[in-house]
Amino acid sequence: MSIFSSINTTTSALTAQRLRMDVISSNIANVDTTRARQVNGEWEPYRRKMVTLTANEGTFSSFLNKAVGKNNGVGNGVKVTTINEDNETPFKLVYDPSHPDANEAGYVQMPNVDVLKEMVDLISATRSYEANITVLNASKAMLTKALEIGK
């Protein structure tokens, strides 16, 4: 185990949470976008995007250490595997006959983005990012103290 493994693990989490915050921000920014892409010649509203995180598999040495039993349960961080569109939640129908994208009945398909849910996710990602910053600073302080012992 390297002395920098905790820093590497933390930085992978920081990178993943930053991307998660970026995707959430994109969702919030497109809450009123009714023409995101064309499907079969028809414009479709913006679809909510979600980030999927998984454990980082690591390197050959991490697999070897795990097989020998030397990893002591220490992980290798996280990574973003996919950014998926939410195809399960239907678009919202809003009655606005004056909107250029309104159908014959006067309804407009709006994105399937719930701002409240996005804000909760954003707060969660921000708190996770802050916690990882605290871990990074604690690791840095321990490494600094370890170097001072050697003087």
Could you check N112 against K92 for side-chain contact (heavy atoms from CB on, under 4.5 Å), going step by step and ending with a plain yes or no?
CA-CA 6 Å; N112 58 354; K92 299 176 198 167; 5.9 Å; no
Please examine the side chains of [Y] and [X], heavy atoms only from C-beta on, and report whether any two atoms are closer than 4.5 Å.
X	Y	result
D101	R35	yes
M110	P45	no
I83	L19	yes
L14	L136	yes

Just how far is it from atom [atom1] of [X] to atom [atom2] of [Y], taken to the nearest 0.5 Å?
X	Y	atom1	atom2	answer
S26	E118	OG	CD	9.5 Å
S128	I123	OG	CD1	13.5 Å
T126	R20	OG1	CZ	8.5 Å
L93	Q109	CG	CD	6.0 Å
D114	I28	CG	CD1	10.0 Å

Please list all pairs meeting ring pair (Phe, Tyr, Trp, His ring centres under 6.0 Å) that have one or both residues in residues 124-151, counting only residues at least two apart or in different chains.
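Counting only pairs at least two positions apart or across chains, no ring pair (Phe, Tyr, Trp, His ring centres under 6.0 Å) contact touches residues 124-151.
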Among residues two or more places apart or on two chains, list those pairs meeting ring pair (Phe, Tyr, Trp, His ring centres under 6.0 Å) that have a residue in residues 78-125.
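As it turns out, the ring pair (Phe, Tyr, Trp, His ring centres under 6.0 Å) pairs with a partner in residues 78-125, which skip direct neighbours, are Y95-Y107.
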Would you kindly confirm whether L122 and V115 end up in one hydrophobic cluster when ILVMFWY residues are joined by side chain heavy atoms under 4.5 Å apart?
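Both belong to a single hydrophobic cluster.
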Looking at E85 and R37, is there a salt bridge between them, counting it only when a charged N and a carboxylate O are closer than 4.0 Å?
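E85 and R37: salt-bridged.
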When you check the gap from the basic side-chain N to the acidic O, do R48 and D121 get nearer than 4.0 Å?
yes
State which residue, out of D32, T33, T34, fulfils the side-chain hydrogen bond (donor to acceptor under 3.5 Å, both in side chains) condition with N30.
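That would be T33; it is the only one of D32, T33, T34 passing the side-chain hydrogen bond (donor to acceptor under 3.5 Å, both in side chains) with N30.
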Should D22 and V51 be marked as a side-chain contact (heavy atoms from CB on, under 4.5 Å) after you check the CA-CA gap, both sets of side-chain angles, and the distance that decides it?
CA-CA 10 Å; D22 289 345; V51 176; over 6 Å; no
Donor-acceptor pair between [X] and [Y] side chains, under 3.5 angstrom:
X	Y	result
T89	D86	yes
T10	N132	no
T81	T52	no
Y46	N27	yes

Using the rule given for side-chain contact (heavy atoms from CB on, under 4.5 Å), can you reason through K49 versus I24, listing the C-alpha separation, both sets of side-chain angles and the distance that settles it, and then say yes or no?
CA-CA 8 Å; K49 292 179 178 41; I24 292 168; over 6 Å; no
Please say whether more than 12 non-hydrogen atoms of neighbouring residues, nucleotides or ligands are located less than 6.0 Å from CD in Q38.
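For Q38, atom CD is crowded (more than 12 foreign heavy atoms under 6.0 Å).
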Taking atom CD as the centre, does E148 end up with more than 12 heavy-atom neighbours from other residues, nucleotides or ligands that are less than 6.0 angstrom away?
yes
Verify, without hydrogens or angle tests, whether T9 (side chain) and S5 (backbone) share a donor-acceptor contact under 3.5 angstrom.
yes
At their closest point, which heavy atom of M21 faces which heavy atom of A125, and how far apart are they?
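In this case the closest contact between M21 and A125 is CG-CB, 3.6 Å.
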side-chain hydrogen bond (donor to acceptor under 3.5 Å, both in side chains) between N137 and S139, worked out:
CA-CA 5 Å; N137 288 335; S139 296; over 6 Å; no
Between V23 and S25, does a side-chain contact (heavy atoms from CB on, under 4.5 Å) hold up when you go through it step by step?
CA-CA 5 Å; V23 169; S25 299; over 6 Å; no
Residues in side-chain contact (heavy atoms from CB on, under 4.5 Å) with L143, at least two apart?
I3, F4, I7
